[in-house]
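What follows is a set of notes on a single structure, which appears directly below.
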Amino acid sequence: MSNLKIPIFTISIIILSFLGIKKLIYLNQAKDLKNKEKSNLIESIRVLNECFDLENKNKRTLNNSIELIEYCLEEYGYKN
């Protein structure tokens, strides 16, 4: 009986270690994906803010502002 406990214990430790490592890899991949999405969103916001030219917004008519916004969203909108 004692001869059987050691291999079962060893196999159990190996299986639990494998599951733990697999979970850590999954968590790191999810974190990397979240960081990538966040950086893409930040870059899109930066590009759109430059395109909208908010400093000169008072010099444009409402129609010109709408056309500029439509152009910016079509040209530089958020891309997955």
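For the single chain, residues carry numbers from 1 onward in sequence order. Only this structure's heavy atoms are used, side chains among them; waters, hydrogens and symmetry mates stay out.
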Pairs under 3.5 angstrom only: tabulate donor-acceptor contacts from the side chains of residues 15-22 to other protein residues two or more places apart or in another chain.
from : atom 1 : to  : atom 2 : distance (Å)
S17  : OG     : I13 : O      : 2.8

(request) Give, for atom CG of L68 and atom OG1 of T61, the distance between the pair rounded to the nearest 0.5 Å. (result) 10.5 Å
(message) Quick check for you: to the nearest 0.5 Å, what is the distance between E70 atom CD and S65 atom OG?
(response) 11.0 Å
(request) Could you list the residues that satisfy side-chain hydrogen bond (donor to acceptor under 3.5 Å, both in side chains) with T10, not counting sequence neighbours? (result) none
(message) In this structure, would I69 and L48 fall into the same cluster of hydrophobic residues linked by side-chain contacts under 4.5 Å?
(response) yes
(request) Apply the side-chain contact (heavy atoms from CB on, under 4.5 Å) test between E43 and each candidate in I45, L41, V47, N40; give the one that qualifies. (result) V47
(request) For a side-chain contact (heavy atoms from CB on, under 4.5 Å) with Q29, tell me which candidate from I25, L33, L27, D32 qualifies. (result) I25
(request) Compare all side-chain heavy atoms of E75 with those of Y71 and state whether any distance is below 4.5 angstrom. (result) yes
(request) Kindly state each residue pair satisfying disulfide bond (SG atoms under 2.5 Å apart) with at least one member in residues 5-38, sequence neighbours excluded. (result) none
